[in-house]
2 protein chains.
Amino acid sequence: MLVKLDELDRAIIGALVDDARATYAEIGGQVGLSAPAVKRRVDRLVQQGAITGFTARVEPSALGWTTEAYVELFCRGKTSPAEIGLAVSRHPEVVSACTVTGEADALLHIRATDVRHVEQVIERIAAEPFVTRTKSAIVLTRLIT
Amino acid sequence: MLVKLDELDRAIIGALVDDARATYAEIGGQVGLSAPAVKRRVDRLVQQGAITGFTARVEPSALGWTTEAYVELFCRGKTSPAEIGLAVSRHPEVVSACTVTGEADALLHIRATDVRHVEQVIERIAAEPFVTRTKSAIVLTRLIT
DNA sequence: GCTGAAAGTAGACACCT
DNA sequence: AGGTGTCTACTTTCAGC
């Protein structure tokens, strides 16, 4: 399901990434199309799956979640990705997770209120039966995104 | 600038994260408020910085960006976070970057069209004068987000 | 601080180019 | 495929509670 996009589609996506609540007329003004034409393309992009949704960007630090960490997970012999996914999804502090090549089996991105909280989450995850070892890196400065 | 939120604010933020193009009336229906009341709270949340914006979620794989990797950066003695940030921001494939505790100095998240493309980006970043070594992990399966 | 009603605007749909 | 017109519905402001 690879989507074919022209320059107009890319411009519209760019405008929506910039401001998902912009009106179709505003987007049309930026890309040189009428509002109905923009809406038709946006509907098509959503239907095709190029745009998966519209979301608010929340600043975690404004809510008191000031600390983040990346945790490498080392797992027992034959642990399936699905098993890891199921286990880590039970922890709301895990905002992103994937299996990776290399020594570690999975890499988790954790957001928490402080370092003590990060520690508690890592302890809970390390207690999963399939986890043999973890290796953590606390984020010092966010450079991009 | 820590923001104080009540349950209504959290419900509104949740609704907006779910669908940033929902009408105030729709959100009001979910949280039990009238549309004007919702708008006032949203305006306040944006003004306070709890909500930093509204954006479209784009599916990279639909655009042909099927491969992602995490790259650990090992840097020369005294390299400032700003210097690393400036250098990596020149590469559009770097979607996220931060300095971290532990052996590595920085951790980058890269999105590219294929493994060959990832390799090229890593080569370009490794050519930066302050980079002494890199260590990469290609993402196999995305479990969360 | 929320509700309710006013005027202003954006969205949706059919139709035409 | 994109543009125009029209109706509907939402956003917005202000009054009142």
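Proteins come first, then strands; the chains are lettered A, B, ... in the order of their sequence lines, and each starts at number 1. The figures that follow rest on heavy atoms only: side chains count, while hydrogens, waters and symmetry mates do not.
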Enquirer: With DNA chain C as reference, determine whether A:Ala22 or B:Arg44 sits nearer its 5' end, using the nearest nucleotide of each.
Expert: B:Arg44

Enquirer: In whole angstrom, give the distance that lies between atom CG of A:Asp19 and atom P of C:dA10.
Expert: 13 Å

Enquirer: List in chain and number order the residues that pass side chain to side chain donor-acceptor pair (under 3.5 Å) with A:Arg57, two or more places apart in sequence or in another chain; answer none if no residue qualifies.
Expert: B:Thr52

Enquirer: Judged by atom type as modelled, is there a donor-acceptor pair below 3.5 Å linking the side chain of B:Asp9 to the main-chain atoms of B:Asp6?
Expert: yes

Enquirer: So, B:Arg142 side chain and B:Ile144 main chain: donor-acceptor pair closer than 3.5 Å or not?
Expert: yes

Enquirer: Could you check whether B:Arg41 gets within reach of a base, just the sugar-phosphate, or nothing at all, counting any heavy atom under 4.0 Å?
Expert: sugar-phosphate

Enquirer: Fill in the dot-bracket string of DNA chain C, one character per base: . for unpaired, | for a pair to another strand, ( ) or [ ] for pairs within the strand, taking Watson-Crick or G-U pairs under 3.5 Å.
Expert: |||||.|||||||||||

Enquirer: Going by heavy atoms in the side chains, are A:Asp105 and A:Leu73 under 4.5 Å from each other?
Expert: no

Enquirer: Can you name the closest pair of heavy atoms from A:Cys98 and B:Tyr70 and give their distance?
Expert: SG-CE1, 3.7 Å

Enquirer: Expressed as a whole number of angstroms, how long is the span from A:Arg21:CZ to D:dC10:P?
Expert: 13 Å

Enquirer: Quick test of your reading of the model: are B:Glu103 and A:Lys135 salt-bridged, counting only N-O distances below 4.0 Å?
Expert: yes

Enquirer: Which nucleotide in the set D:dG3, C:dC2, C:dA10 lies at the smallest distance from any side-chain heavy atom of A:Thr23?
Expert: C:dA10

Enquirer: Report yes or no: does A:Arg76 contribute a side-chain atom to a donor-acceptor pair with the main-chain N or O of A:Thr132 at less than 3.5 Å?
Expert: no

Enquirer: Answer yes or no: is there a donor N or O on one side and an acceptor on the other, between the side chain of A:Thr113 and the main chain of A:Gly64, under 3.5 Å?
Expert: no

Enquirer: What is the per-nucleotide protein-contact pattern of nucleotides 12-17 of chain D, from the 5' end, where B denotes a base atom under 4.0 Å from a protein heavy atom, S denotes such proximity for sugar-phosphate atoms only, and - denotes neither?
Expert: SB----

